[in-house]
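Contents: one structure, followed by commentary.
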Amino acid sequence: MKIGILTSGGDCPGLNAVIRGAVLKGIAIHGHEFVGFLDGWRGVVGGDIIGIPRTLVRGIAKEGGTILGTSRTNPFENGGGPDVIRDHMERLGIDAIIAIGGEGTLAAAKRLTDAGLKIVGVPKTVDNDLEATDYSFGFDTAVQIATEAIDRLRTTAESHHRCMIAEVMGRHVGWIALHAGMAAGAHAILIPEQKVSIDRITQWVKEAHTRGRAPLVVVAEGFVPEHMETPHSERGLDTFGRPRLGGIADQLAPELEARTGIETRATILGHIQRGGVPSALDRVLATRLGMAAVDSVVGGLWGTMVALNGTGIEHVGFQEALAQLKVVPQKRYDEAAVLFG
């Protein structure tokens, strides 16, 4: 078979390890041929490919980003659609596609599969927000990067007796904030799943300051304070019609400073969480998922996504994978909240 691979959506540590795992197993075990679509769905819509021989994936598991490039292209817009993609696949002799991406990518893959294309998916999201998989690669690395950054913020905060607010990624779930906040010893963790009033946040900050600490607040970009209806978004919508989030820390900082009298600074970590080399855990998980994706192709399991269940890899349908977001359960938040203030 000739298999096309694409990486779409936001980049993520571990993407290259997925590509390597799929190519090495596909060639060594099944004798498949691989090509890569350049820049995600843009390459699929335009029929823009490169060959992926074994030599191209040598040593790439430890590299961040993606050797294929990525984009947030919607494959149903700008001259795309299932008929166009099918024609390109037939012209190029491509039998199937392995789509590596998050919610938007897999939703597009489902629509294309429903239209008769042969596609399997690999979940990619630093947000860890897909219900059908216990963990997604990139999450562990993002948490580690965020934790190290927050540790550095803490030392400068203590030197100046300031309150620091660190904003992390996560879109509509708080997994990165929860894990990084707990690891860094935050005095408050604010996540989308929990409505919290400014009064309560102020209380936590004051309690920490009263004990002689420099208050540390970790907030997820999708956090919605009790007085707001929707997440803070000032950068419009992405190509899939979703709001571009970010900036809630800048909204909270002056409010908390005014209420507490403590000099307060906000830092938005942003894309730094998606860059750099993947952690060992993410390299292993990504490699295993890439190898499992080849099994999906060989088995003709079109419209399915490989997923981690416990320590094993399973195949779940796109419909199940996209049914709902994996949110932080109340029990996990309550565990962390014991440490607030």
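Residue numbers run from 1 in the order of the sequence given. A quick note: this is a predicted structure, and the numbers were derived from the prediction, not measured.
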Which distance, rounded to the nearest 0.5 Å, do you find between the [atom1] of [X] and the [atom2] of [Y]?
X: R162; Y: E257; atom1: CZ; atom2: CD; answer: 9.5 Å
X: S136; Y: M305; atom1: OG; atom2: CE; answer: 9.0 Å
X: T125; Y: L325; atom1: OG1; atom2: CG; answer: 9.5 Å
X: L130; Y: L106; atom1: CG; atom2: CG; answer: 6.5 Å
X: R54; Y: R20; atom1: CZ; atom2: CZ; answer: 8.5 Å
X: E226; Y: D199; atom1: CD; atom2: CG; answer: 8.5 Å

Same cluster or not: [X] versus [Y], using hydrophobic residues (I, L, V, M, F, W, Y) connected whenever any side-chain heavy atoms lie under 4.5 Å apart?
X: L6; Y: L322; answer: no
X: I49; Y: V44; answer: yes
X: F137; Y: L281; answer: no
X: L38; Y: V18; answer: yes
X: V57; Y: M1; answer: yes

[X] with [Y]: basic N within carboxylate O range, under 4.0 Å:
X: D151; Y: R154; result: no
X: D95; Y: K118; result: no
X: D114; Y: K110; result: yes

Do [X] and [Y] come close enough that some side-chain heavy atom pair is under 4.5 Å?
X: L178; Y: V218; answer: no
X: T202; Y: K206; answer: yes
X: V306; Y: P123; answer: yes

- request: Could you tell me which residues satisfy side-chain contact (heavy atoms from CB on, under 4.5 Å) with N78, sequence neighbours excluded, listed by chain and number?
  value: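 Scan of N78 (side-chain contact (heavy atoms from CB on, under 4.5 Å), adjacent residues dropped) gives none.
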
Quick check on [X]: does its [atom1] atom have over 12 non-hydrogen neighbours (other residues, nucleotides or ligands) under 6.0 Å away?
X: R211; atom1: CZ; answer: yes
X: L117; atom1: CG; answer: yes
X: K25; atom1: NZ; answer: yes
X: R111; atom1: CZ; answer: no
X: Q319; atom1: CD; answer: no

Look at the side chain of [X] and the backbone N and O of [Y], then say whether any donor-acceptor pair between them is shorter than 3.5 Å.
X: S71; Y: D39; answer: yes
X: T264; Y: I262; answer: yes
X: N16; Y: I67; answer: yes
X: D282; Y: T141; answer: yes
X: H227; Y: I198; answer: no
X: E314; Y: A307; answer: no
X: S197; Y: R200; answer: yes
X: T156; Y: R152; answer: no
X: H187; Y: V205; answer: no
X: E193; Y: V327; answer: no

What heavy-atom pair brings [X] and [Y] nearest, and what distance separates the two atoms?
X: G81; Y: L112; value: C-CD2, 4.5 Å
X: I98; Y: A22; value: CD1-CB, 4.4 Å
X: S8; Y: W41; value: OG-CD1, 3.3 Å
X: L190; Y: A177; value: O-CB, 4.4 Å
X: P329; Y: W175; value: CD-CH2, 3.6 Å
X: A109; Y: A99; value: CB-CB, 4.5 Å

Looking just at side-chain N and O atoms, do [X] and [Y] make a donor-acceptor pair shorter than 3.5 Å?
X: E255; Y: Q251; answer: no
X: T304; Y: H315; answer: no
X: D140; Y: S279; answer: yes
X: D334; Y: Q330; answer: yes

message: Apply side chain to side chain donor-acceptor pair (under 3.5 Å) to residues T66 and D11 and explain how you reach the verdict.
response: CA-CA 7 Å; T66 163; D11 66 293; over 6 Å; no

message: Go through it in stages, so that I can follow the logic: the residues are E263 and R265, the test is salt bridge (charged side-chain N to carboxylate O under 4.0 Å, His left out), and I'd like the CA-CA distance, side-chain angles, deciding distance and then a yes or no.
response: CA-CA 7 Å; E263 187 177 7; R265 294 287 185 270; 2.6 Å; yes

message: Quick one, R171 with D129, criterion salt bridge (charged side-chain N to carboxylate O under 4.0 Å, His left out). Give me CA distance, side-chain angles, the key distance, then yes/no.
response: CA-CA 9 Å; R171 290 197 59 79; D129 61 357; 5.8 Å; no

query: How are the rings of H32 and F34 set to each other: parallel, tilted or perpendicular (split at 30° and 60°)?
result: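 Answer is perpendicular, since the angle exceeds 60°.
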
message: Please evaluate residues E158 and R213 with respect to the criterion salt bridge (charged side-chain N to carboxylate O under 4.0 Å, His left out), reporting the C-alpha separation (whole Å), side-chain torsions for both, the decisive distance (0.1 Å), and the verdict.
response: CA-CA 7 Å; E158 290 174 345; R213 304 302 305 278; 3.7 Å; yes

query: If you draw the axis of the six-membered ring of Y135, does the NZ or CZ of K326 fall within 45° of it and under 6.0 Å from the ring centre?
result: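 Yes, K326 sits over the ring of Y135.
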
Derivation of the side chain to side chain contact (heavy atoms under 4.5 Å, CB included) call for N128 and V126: CA-CA 6 Å; N128 198 40; V126 296; over 6 Å; no

